[in-house]
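Atoms considered below: every heavy atom in the structure, side chains included; atoms not considered: hydrogens, waters and symmetry mates. Note that this is a predicted model, so its numbers are computed, not measured.
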Amino acid sequence: MTGPVVVVGDTLLDRDVEGVVNRLCPDSPVPVLDETAHVDRPGGAGLAAVFAAAQGAEVVLVTALADDAGGARLSSLLDAAGVQVYALGLSGGTPEKIRLRARGRVLLRHDRGGAAGTPGEPSDAVLRMIASASAVLVSDYGRGVARQPALRAALAATRAPVVWDPHPRGPAAVPGVHLATPNESEVRELVKVPPGATRLATASRGAQGLRRRWRAGAVAVTLGGDGALLCHAGSTPLVVSAPAVADGDTCGAGDRFAATASLALARGTLVSEAVQEAVAEASAYVAGGGVATALPPARPLPPAVSSPGGERVGVAAAAAAVSAVRAAGGTVVATGGCFDLLHAGHVATLQAARQLGDCLVVCLNSDESVTGLKGPDRPVIPQGDRARLLAALSCVDAVMIFDESTPHAALSWLRPDVWVKGGDYAGDGGEPALPEADLLRRWGGHTVVVPYLDGRSTTGLIAAARSAAGRTGAPPLTDTVPPACPPPGPAAGNASAQLPSTAEGTR
């Protein structure tokens, strides 16, 4: 492969709720599910991207994420799976599919999220990724990403093999795709085949009709436990049988098929060989237990923070601040760090960051994240108190806590216009060397560094406090009240805004 595998499409938040049924509801003859556990995972194009990344490929996902808790959760799950997210904005809410299960069987599926929202425009970085891909998989779930005009133009122009996994409510494939991968029911909806034909005849006629209509190189109709039927140049279809009949959870089998075929084409295999490999992989996936066993357990969400000022803490608070500023055409600024023992240097950095835009969101390392970065004796102040202190500052509009070692997942969801760090992150010659710089370029954002107050650091404060405690026998640390920020200055739309002469990083 000479470039990443790029997955384009709609991502959903899937949740499996496991439980036991021991009684009926007293006011209606329906079973009562007592929940015992639940698991979140990416669905739709996100699941296909996770499958591709699990097979060792470099995977880029171009999808739309909403400014809500579901979008933030998806960003975290995708980042943990090693998927590089190039997010478009999304009006409306994150689509969610909740499966209620007992003893491995689905009792009910509950969908929420409302009507499909409108995806935003792709950045130049997204278009470059599609142009340089080794293969592109369009995983369409009928919610708008595959209709986006600029994305469709880029998909039609790329030299990479394109696999199109269609949806009946979605658009036609762009002309010239290498392989389309509908299932039987999708073929029957997309192509009106006369009734009375056999199953194979229906699949073959439907596939040939789609191939001509979409000017596709080939169409593979997936047949569940019976494998797939491939129609390409010539009149005789190729039937690829499944190696074994498996009775199991088929959720995600189509995504597994399409992802495997895309990886095979990226390696330069023939379409017929790619379909054979995809049938074998999808069959093994179902036989092995499906999505419940194919994905590692997801990291739980950080504990919620409740406080009198809690309306400014959490994902919902960040989403409200960001969406309001974007709706008004303003500039979203973010910064991040541990903020353990809030001090004057931190406040100066926050003041400087807030002056660069119309809202400031602080991405705060959770207690687990701080311990992983700083050692078992940190943090000194728990995440709930750290979040409350930050939210009390007038220059901070919202605080969101993240559990990972880096803020990449949070930033992929927030997509700030400006990311700010203290001057201790400057590289040689004073040039910024932030690890987040490449990430910000995905959506056209940029990074800035502000100067720092010399001699102020959390590590130094802790050392001084412990030294003083050792001399006097006093408690090692005392409660302090952080200085309040003055009202933020005028907003500035770019990094060339006037910066104060003193600020400090968030060590």
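Using a distance-only test at 3.5 Å, with no hydrogens or angles considered, no donor-acceptor pair links the side chain of Lys374 to the main chain of Ser369. Without hydrogens or angle criteria, Ser76 side chain to Ala409 main chain gives no donor-acceptor distance under 3.5 Å. With hydrogens and angles disregarded, a donor-acceptor distance shorter than 3.5 Å links the side chain of Thr94 to the backbone of Gly71. For the pair Thr371 (side chain) and Asp367 (backbone), a donor-acceptor distance under 3.5 Å is present. Asp358 contributes no side-chain N or O that, together with a main-chain N or O of Val325, makes up a donor-acceptor pair within less than 3.5 Å. Here the side chain of Thr158 pairs a donor or acceptor atom with the backbone of Ile130 at under 3.5 angstrom. Not a single donor-acceptor pair under 3.5 Å links the side chain of Arg441 to the backbone N or O of Leu439. Counting only distance, with no hydrogens or angles, the side chain of Thr447 and the backbone of Trp419 share no donor-acceptor pair below 3.5 Å.
Considering every non-hydrogen atom in both Val7 and Ala48, the closest pair reads CG1-CB, 4.5 Å. Between Leu65 and Ser75, the closest heavy-atom pair is CD1-CB, 4.3 Å. In plain terms, the two heavy atoms of Met400 and Ala410 that are nearest each other are CE-CB, 3.9 Å. Of all heavy-atom pairs between Val5 and Ala266, the closest is CG2-CB, 4.3 Å. Summarising the geometry of Gly144 relative to Pro119, their closest heavy-atom pair is O-CG, 3.6 Å, with the distance given to 0.1 Å. The two residues Val449 and Gly422 come nearest to each other via the heavy atoms CG1-O, 3.4 Å.
Taking the charged nitrogens against the carboxylate oxygens, Asp67 and Arg326 do have a contact shorter than 4.0 Å, which makes a salt bridge. We find that Arg15 and Glu96 are not joined by a salt bridge, their nearest charged nitrogen and carboxylate oxygen being 4.0 Å or further apart. A salt bridge links Arg354 with Asp397: at least one charged nitrogen is closer than 4.0 Å to a carboxylate oxygen.
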Leu100 vs His110, side-chain contact (heavy atoms from CB on, under 4.5 Å): CA-CA, chis, key distance, verdict:
CA-CA 8 Å; Leu100 305 181; His110 172 205; 5.6 Å; no
Passes side-chain contact (heavy atoms from CB on, under 4.5 Å), Leu393 versus Leu342? Steps please.
CA-CA 11 Å; Leu393 302 178; Leu342 190 65; 4.1 Å; yes
Using the side-chain contact (heavy atoms from CB on, under 4.5 Å) rule, take Leu414 and Cys363 through it: C-alpha gap first, then chi angles, then the decisive distance, then the call.
CA-CA 10 Å; Leu414 282 171; Cys363 300; 3.6 Å; yes
Audit row: Val62, Met129, side-chain contact (heavy atoms from CB on, under 4.5 Å) steps and yes/no:
CA-CA 9 Å; Val62 178; Met129 275 293 168; 5.7 Å; no
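Side-chain contact of Asp417 with Thr331: a donor-acceptor pair under 3.5 Å is absent, judged by distance alone. Of the N and O atoms on the side chains of Asp403 and Ser366, at least one donor lies less than 3.5 Å from an acceptor on the other residue. Between the side chains of Gln84 and Glu58, at least one donor-acceptor pair of N or O atoms lies under 3.5 Å.
Between Tyr141 and Asp255, some side-chain heavy-atom pair lies under the 4.5 Å cut-off. Contact annotation: the side chain of Val174 never approaches that of Val138 to less than 4.5 Å [non-hydrogen atoms, C-beta and beyond]. Using a 4.5 Å heavy-atom cutoff, the side chains of Leu411 and Thr406 are not in contact. In this structure, the side chains of Cys359 and Val332 come closer than 4.5 Å at one or more pairs of heavy atoms. Counting heavy atoms from C-beta outward, Phe339 and Leu389 have side chains that stay 4.5 Å or more apart. Between Val126 and Val8 there is no side-chain heavy-atom pair separated by less than 4.5 Å. When side chains are defined from C-beta on, Leu33 does not count as touching Glu35, because their heavy atoms never get closer than 4.5 Å. No side-chain heavy atom of Arg386 sits less than 4.5 Å from a side-chain heavy atom of Val399.
Sorted by first then second residue, the salt bridge (charged side-chain N to carboxylate O under 4.0 Å, His left out) pairs that include residues 135-149, not counting sequence neighbours, number zero.
For Tyr285, the ring-ring contact (aromatic ring centres under 6.0 Å, His included) criterion is met by Phe51, not counting sequence neighbours. For Arg442, there are no salt bridge (charged side-chain N to carboxylate O under 4.0 Å, His left out) partners, not counting sequence neighbours.
A distance of 8.0 Å separates CG of Leu74 from OG1 of Thr63, quoted to the nearest 0.5 Å. Taking CG of Asp16 as the reference point, atom CZ of Arg109 lies at 11.5 Å (rounded to 0.5 Å). Rounding to the nearest 0.5 angstrom, the gap separating the SG atom in Cys251 from the CG atom in Asp14 is 6.0 Å. How far CG of Asp165 is from OG of Ser139: 5.0 Å, rounded to the nearest 0.5 Å. The distance from the CH2 atom of Trp443 to the CG atom of Leu88 is 12.0 Å, given to the nearest 0.5 Å. Interatomic distance, Arg99 CZ to Asp111 CG, rounded to the nearest 0.5 Å: 11.5 Å.
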